[in-house]
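Just the heavy atoms: all of them, side chains too, but no hydrogens, waters or symmetry mates, feed the values below. Quick note: residue numbers are just sequence positions, from 1. Quick caveat, the model's predicted, so the values are computed rather than measured.
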Amino acid sequence: MGTYQTFVTQLFKYYFISSLISVIGVGGVLFATTLQVEQGDIPVLLRIVVLSFLIMIVVEWLVYRRDCKPIQQTFSSPAPSKEQLRTAFDQAHRFPMLTGLRVMGPHLFGLSLPALLLTWQAIRNGQLSFSYDYLFYALLCAGLISAMHAMIEYFKASQAVEPVLLKLQQLSRELYQEKLSFHGKVLVSIRTKFQLSALLIGAFPLLLFSVATQFRLSQSPSLQMEQFISWSLIVLAIGICLSMYGAWLLYTTIMTPLTRLTKTMNEVEQGKFDVRLEEFYSDEFAMVTDGFNHMVEGLEQREVMNRKMNESFFTTLAAALDARDAYTAGHSERVARYAVEIGRKAGFSAEKIALIKKTGLLHDIGKIAIPDAVLLKEGHLTDEEFTIIQEHPVRGEEILKQIQPPELMAAYLPGVRSHHERMDGRGYPDQLRGKEIPVMGRILAVADAYDAMTSDRPYRKGMDVEKAIAILEAGKGTQWDERYVDYFIDWLREQKQLHPEENRKKAAQPANEEASALSLK
């Protein structure tokens, strides 16, 4: 069943239920318990009721068709225009108010006026034995019952129209990539809804009881106390039950948007800036929804900008380091790329993979503090010079700790400090062993070693891929974590079947996620 058909079905269901409660339930019980009808009056009254009811149905149906026409035409069109979608969206927002007005207009007067005129004519012609006073009491009761009926219909129509609003939004996005918005317009204020609903909920039982009592006493001045008490309890019970139902509907219409707002706020608090409140409302909650969505859009834009600045920060630091040595240019980016692929193979979450990438870009940042005479030396290092080089993980940690606030860099420190540790405890700077080494350090150790082996240096040419793989295989469990070595080698084997020398040459090129697939080193 389509959205519009479901909407119409819901409307008729709610109309039937509310009519059953307010008109047949309340009116019928009052009629049966209050009005004393002569046997000969019943056929006349039935004819009047049936004829008046048919008139009401015709008039109300015509108004209903007019109210639904923009929505119905939009859903019946295979490709509705922007103007059709906008008109239907606005009409759907107005529909609950139009429903309430329809009940208080065509519904009330379409039934009451013909009934009053026909009853007046029947009394005048002597077909009914009623007093003309009954017409006044009947009009008062009809007004009270219709007011309660209108309130119920308003709240239920507000629920029924929500899927229509969602579908219209979806069609606008799919067909025109545009968002429909009511722009915070207020058709019926919460204050008005509360005042009218509270007045009706509080006054309905009293007014209904007063009118019914006056009507009953006018028919039976000598009514016995026991009969009066039994009758009055029935009337009060009807009024109170209907008022309680109206109060529950009023509560629901306030709590539903508050619950949605709270839920969405919690999602935004968790960093989900792509969420929005749906524009269901035509009261002050429309203003709240519009303002909240604008706020979240601003937060999302700021988050995108912060993320780009953050990524640029890491890339710039890595580029500044690599610029010191032409032979290691691109090293940090390649290590980050390899580490990311290991993380993906290991099944890490997107958040953890992003952490791996950034740590890979920063892993050698401590080399900034190493003198050029040592860092850029073209020959083999002396023991003293190698000791200086071994300080770069600690220097890197110290540099990152200077960035404020401290928690900004806290997640990257373990990987930066431990990427030269070994599984057998012979690494540096802390001689950690096995699982004492942070996961980030174990992953980066594999990626860093592979890039070092396959990259050219002033004093040697880079190894081919197969030889580097053989060294990694031989060092599993002693120098590197065998799981991460296996993951990395699996990834290397899955790449295009290139000659090992071609793999090595491609690996020496700077990584570019947007331009090409991953390359081997």
Side-chain angles (χ1 to χ4, degrees), residues 1-19 53-111 146 149-189 193 249 253 256-257 260 276-283 285-287 289-290 293:
M1 186 180 293
T3 303
Y4 181 74
Q5 288 73 22
T6 302
F7 168 63
V8 171
T9 302
Q10 289 287 88
L11 287 179
F12 277 102
K13 183 180 76 173
Y14 293 145
Y15 183 84
F16 175 77
I17 293 173
S18 58
S19 297
F53 182 78
L54 291 175
I55 294 173
M56 179 200 75
I57 290 296
V58 171
V59 176
E60 191 170 1
W61 173 254
L62 292 174
V63 177
Y64 164 80
R65 288 291 301 274
R66 183 200 65 188
D67 294 344
C68 280
K69 187 176 181 180
I71 303 173
Q72 189 272 332
Q73 288 179 337
T74 300
F75 279 100
S76 63
S77 173
S81 66
K82 291 182 182 180
E83 185 60 30
Q84 278 183 306
L85 288 169
R86 162 55 58 191
T87 302
F89 190 73
D90 289 349
Q91 186 73 358
H93 271 287
R94 292 182 172 88
F95 197 83
M97 180 182 66
L98 294 174
T99 300
L101 293 175
R102 192 168 64 248
V103 173
M104 289 303 296
H107 181 87
L108 170 60
F109 294 106
L111 179 66
S146 292
H149 188 191
M151 183 183 74
I152 295 173
E153 282 287 297
Y154 174 84
F155 291 133
K156 301 306 282 187
S158 299
Q159 297 175 12
V161 83
E162 289 186 0
V164 172
L165 293 167
L166 284 176
K167 186 62 177 180
L168 292 171
Q169 284 278 24
Q170 180 185 341
L171 287 173
S172 181
R173 288 192 294 265
E174 291 176 353
L175 295 175
Y176 304 106
Q177 291 74 51
E178 291 186 3
K179 176 188 174 184
L180 292 174
S181 175
F182 206 54
H183 302 296
K185 295 178 184 176
V186 177
L187 297 178
V188 181
S189 70
K193 284 197 288 189
L249 289 174
T253 200
T256 298
R260 288 170 175 162
R276 297 291 185 275
L277 283 173
E278 297 294 345
E279 298 190 31
F280 292 137
Y281 314 109
S282 56
D283 52 24
F285 280 113
M287 300 170 59
T289 297
D290 192 57
N293 287 340

message = Going by the rule salt bridge (Lys or Arg N to Asp or Glu O under 4.0 Å), which residues pair with Lys193 if we only count those two or more places apart in sequence or in a different chain?
response = Asp283

task = List the steps and the verdict of side chain to side chain contact (heavy atoms under 4.5 Å, CB included) for Phe109 and Ser146.
result = CA-CA 10 Å; Phe109 294 106; Ser146 292; over 6 Å; no

task = Rounded to the nearest 0.5 Å, what's the gap from OG1 on Thr99 to CG on Leu11? Could you check?
result = 6.5 Å

request  = Specify the closest pair of heavy atoms between Ala92 and Val161, including all atoms of both residues, with the distance to one decimal.
outcome  = O-CG2, 3.3 Å

query = With a cut-off of 6.0 Å (strictly less than), are more than 12 heavy atoms of other residues, nucleotides or ligands near CZ of Phe53?
reply = no

ask   = Between CZ of Phe7 and OG1 of Thr9, what distance do you get to the nearest 0.5 Å?
value = 10.5 Å

query = What pairs meet the side-chain hydrogen bond (donor to acceptor under 3.5 Å, both in side chains) rule with one or both residues in residues 57-66, with sequence neighbours excluded?
reply = Tyr15-Glu60, Glu60-His107

ask   = Can you name the residues that form a side-chain contact (heavy atoms from CB on, under 4.5 Å) with Ser181, not counting sequence neighbours?
value = His183, Glu279, Asp290

inquiry  = Can you list everything that forms a side-chain contact (heavy atoms from CB on, under 4.5 Å) with Lys69? Sequence neighbours excluded, please.
reply    = Gln73

task = May I have the step-by-step check of side chain to side chain contact (heavy atoms under 4.5 Å, CB included) for Leu108 and Val103, ending in yes or no?
result = CA-CA 6 Å; Leu108 170 60; Val103 173; over 6 Å; no

request  = Would you name the heavy atoms of Pro106 and Leu101 that are closest together and state the gap between them?
outcome  = CD-O, 4.0 Å

Where at least one partner belongs to residues 91-101, residue pairs that pass salt bridge (Lys or Arg N to Asp or Glu O under 4.0 Å), sequence neighbours excluded = none

task = Hey, could you give me each pair passing salt bridge (Lys or Arg N to Asp or Glu O under 4.0 Å) that has a residue in residues 157-177? Not counting sequence neighbours.
result = Glu162-Arg260

query = Taking Thr253 for the side chain and Leu249 for the main chain, is one N or O donor matched with an acceptor at less than 3.5 Å?
reply = no

query = Which residues pass the ring pair (Phe, Tyr, Trp, His ring centres under 6.0 Å) test with Phe280, sequence neighbours left out?
reply = none

remark   = Of all heavy-atom pairs linking Ala88 and Pro70, the shortest is CB-O, 3.8 Å

task = Search all heavy atoms of Ser282 against all heavy atoms of Tyr154 and return the closest pair with its distance.
result = OG-OH, 4.4 Å

query = With Lys82, which residues qualify under side-chain contact (heavy atoms from CB on, under 4.5 Å), at least two apart?
reply = Tyr176, Glu178

ask   = Quick check: does any side chain N or O of Gln169 sit under 3.5 Å from a backbone N or O of Leu166, one acting as donor and the other as acceptor?
value = no

message = Would you say that more than 12 heavy atoms from the other residues, nucleotides or ligands in this model lie under 6.0 Å from the CE of Met287, or not?
response = no

inquiry  = Once ring pair (Phe, Tyr, Trp, His ring centres under 6.0 Å) is applied, do any residues pair with Phe89, and if so which ones, sequence neighbours excluded?
reply    = His93

ask   = Does Asp90 have any side chain to side chain donor-acceptor pair (under 3.5 Å) partners at least two apart in sequence or in another chain, and if so, which?
value = Arg86

inquiry  = Please enumerate all residues that pass side chain to side chain donor-acceptor pair (under 3.5 Å) together with Lys13, with sequence neighbours excluded.
reply    = Gln10

key: Asp67: partners by side-chain contact (heavy atoms from CB on, under 4.5 Å), with sequence neighbours left out   = Val63, Gln91, Phe95, Leu98, Arg102

query = Hey, does Ser172 have a side-chain heavy atom less than 4.5 Å from the side chain of Lys179?
reply = no

inquiry  = Would you compute the distance between atom CG of Leu168 and atom OG1 of Thr3 and round it to the nearest 0.5 angstrom?
reply    = 8.5 Å

Nearest-0.5 Å distance, CD of residue Glu278 to OG1 of residue Thr289 = 9.5 Å

note = Rounded to the nearest 0.5 Å, the CD1 atom of Ile57 sits from the CG atom of Leu111 at a distance of 9.0 Å

inquiry  = If you define the side chain from C-beta out and look only at heavy atoms, does anything of Thr87 sit under 4.5 Å from Thr74?
reply    = no

